[in-house]
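Side-chain atoms are counted along with the backbone in the values below, which use heavy atoms only and exclude waters and symmetry mates. In what follows, residues are counted from 1 in the order of the sequence shown.
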Amino acid sequence: VEITFNSKRKILLIFIKICFISIGIFFLIKANDFEPFWVIRSAWVLRIAGLIAIAYFGTLFILYLKVAARKVALIIDKEGIVDRSSFVGVGRILWSQISEIKTHESNSASYVLVFVNKPADIIKNSRNWFERWHLRVQHRSFRTPVAIPMIALNIYIDDLESLLLSRLEDYKNGVGA
């Protein structure tokens with residue numbers, strides 16, 4: 001089974017990132033045109049806010065382009081799951097590595113959490129230091145490095161959870177996929 005990305009949401013997420021980058025550029029260029037008010041007593045505060053917005057959302061934009069080019073987010077087969085749903089998608093996870101599957105709501109975002117027997121192996125096998133860092137943060141936050149974000153997937157969270165749980169149960173019972 002292949003789970004694809006929702007094209008409309010992908011475009012919306014790219015648009016939002018571009019808007020925040022544009023606001024950052026606007027703050028950087030037009031900082032002197034604002035009258036001092038509230039916390040902003042100096043144009044430097046706006047310039048720093050603009051630089052932070054450009055750096056943060058620019059990085060997210062570049063990382064998201066890697067994901068946006070993909071057509072398939074998840075592949076679910078008889079061997080396990082191939083996670084390519086985010087820029088730190090962990091790749092192949094065998095059914096034998098999976099101990100539990102749950103859903104989670106966090107800061108108005110929905111995730112399917114895939115709990116694995118040896119999370120340190122998943123983290124260690126990541127491609128670079130940034131992905132390892134991000135997987136460690138996910139592991140501290142969710143108690144698993146594998147958190148599949150639902151925001152851009154073309155499936156409802158309940159449907160994905162039930163599909164994964166039924167496939168995991170089939171594996172445990174020795175039924176082929």
Side-chain angles (χ1 to χ4, degrees), residues 1-17 19-20 56-57 59-177:
V1 176
E2 292 184 347
I3 310 293
T4 59
F5 288 102
N6 184 317
S7 300
K8 291 177 184 174
R9 286 194 200 138
K10 275 194 337 187
I11 291 168
L12 178 65
L13 290 170
I14 288 172
F15 178 73
I16 290 169
K17 287 169 181 60
C19 286
F20 279 107
Y56 179 74
F57 288 103
T59 302
L60 287 179
F61 179 75
I62 291 167
L63 292 172
Y64 193 72
L65 287 179
K66 178 181 167 185
V67 176
R70 299 176 187 158
K71 299 280 188 233
V72 177
L74 287 173
I75 300 171
I76 304 164
D77 58 22
K78 65 181 178 181
E79 295 174 27
I81 305 166
V82 179
D83 175 21
R84 301 182 69 216
S85 61
S86 69
F87 63 90
V88 291
V90 296
R92 170 70 69 186
I93 307 164
L94 301 174
W95 292 120
S96 60
Q97 295 175 294
I98 299 172
S99 60
E100 187 178 7
I101 296 169
K102 289 184 179 178
T103 59
H104 180 75
E105 295 279 329
S106 172
N107 298 330
S108 73
S110 299
Y111 297 91
V112 171
L113 303 179
V114 180
F115 292 87
V116 293
N117 298 323
K118 296 181 181 175
D121 290 347
I122 300 283
I123 295 169
K124 183 180 71 175
N125 292 335
S126 59
R127 294 179 289 265
N128 58 52
W129 68 269
F130 181 75
E131 289 182 7
R132 276 190 294 280
W133 173 79
H134 194 341
L135 292 174
R136 281 188 199 106
V137 169
Q138 283 187 175
H139 187 252
R140 279 194 299 273
S141 300
F142 302 125
R143 294 184 356 253
T144 179
V146 186
I148 301 169
M150 295 301 299
I151 190 163
L153 298 187
N154 219 7
I155 189 170
Y156 292 111
I157 190 167
D158 297 333
D159 295 340
L160 180 59
E161 180 188 29
S162 64
L163 174 64
L164 291 173
L165 286 171
S166 70
R167 291 296 180 100
L168 180 60
E169 196 61 36
D170 287 349
Y171 169 79
K172 289 179 178 178
N173 294 331
V175 179

What donor-acceptor contacts under 3.5 angstrom involve side-chain atoms of residues 139-160, with partners at least two apart or in another chain?
residue : atom : partner : partner atom : Å
Ser141  : OG   : Val137  : O            : 3.0
Thr144  : OG1  : Val114  : O            : 2.5
Thr144  : OG1  : Val146  : N            : 3.3

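Shown here for Arg84 and Val72, the closest heavy-atom pair between the two residues is CB-O, 4.0 Å. Shortest non-hydrogen contact noted between Ile122 and Gln97 is CD1-NE2, 4.3 Å. What you find for Asn117 and Ser99 is that their closest heavy atoms are OD1-CB, 3.3 Å. Here the shortest heavy-atom pairing between Val88 and Gln138 reads CG2-OE1, 4.4 Å. The two residues Glu2 and Ile75 come nearest to each other via the heavy atoms CG-CG1, 4.3 Å. Counting all heavy atoms, side chain and backbone alike, Ser85 lies closest to Phe5 at O-CE2, 3.7 Å.
Taking the side chain as every heavy atom from C-beta outward, Val116 and Pro119 approach each other to under 4.5 Å. A heavy-atom distance below 4.5 Å is found between the side chains of Ile98 and Ile81. Between Ile76 and Leu163 the shortest side-chain heavy-atom distance falls below 4.5 Å.
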Open item on the list: side-chain contact (heavy atoms from CB on, under 4.5 Å), that's the test. Do Asp77 and Val1 meet it? Break it down for me.
Closed with: CA-CA 6 Å; Asp77 58 22; Val1 176; over 6 Å; no
TODO: Might you work through the side-chain contact (heavy atoms from CB on, under 4.5 Å) test for Leu74 and Asp83, ending with a clear yes or no?
DONE: CA-CA 5 Å; Leu74 287 173; Asp83 175 21; 3.8 Å; yes
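Rounding to the nearest 0.5 angstrom, the gap separating the CG atom in Leu63 from the NZ atom in Lys17 is 9.5 Å. Note that CG of Asn128 is 11.5 Å distant from NE2 of His134, once rounded to the nearest 0.5 Å. Between the CD1 atom of Ile123 and the CZ atom of Arg136 there is a distance of 6.5 Å, given to the nearest 0.5 Å. Note: Leu113 CG to Phe115 CZ = 5.0 Å, rounded to the nearest 0.5 Å. Here the straight-line distance linking atom CD1 of Ile101 with atom OG of Ser166 works out to 9.0 Å at 0.5 Å rounding. The distance from atom CG of Leu135 to atom CZ of Arg127, rounded to the nearest 0.5 Å, is 9.0 Å.
A donor-acceptor contact shorter than 3.5 Å is absent between the side chain of Asn107 and the backbone of Ala109. Under a 3.5 Å cut-off, the side chain of Trp95 and the backbone N or O of Glu169 do not form any donor-acceptor pair. Side-chain atoms of Arg70 come within 3.5 Å of backbone atoms of Ser86 as a donor-acceptor pair (strictly under, hydrogens ignored).
Residues satisfying the side chain to side chain contact (heavy atoms under 4.5 Å, CB included) test with Ile14, not counting sequence neighbours, are Ile18, Phe61, Tyr64, Ala68.
Using the six-membered ring where Trp is involved, Tyr111 and His104 have ring planes that are tilted, between 30° and 60° apart.
For the salt bridge (Lys or Arg N to Asp or Glu O under 4.0 Å) condition, the pairs that include at least one residue of residues 100-115, sequence neighbours left out, are Glu100-Lys102.
Other residues, nucleotides and ligands contribute over 12 non-hydrogen atoms within 6.0 Å of the CZ atom of Phe87.
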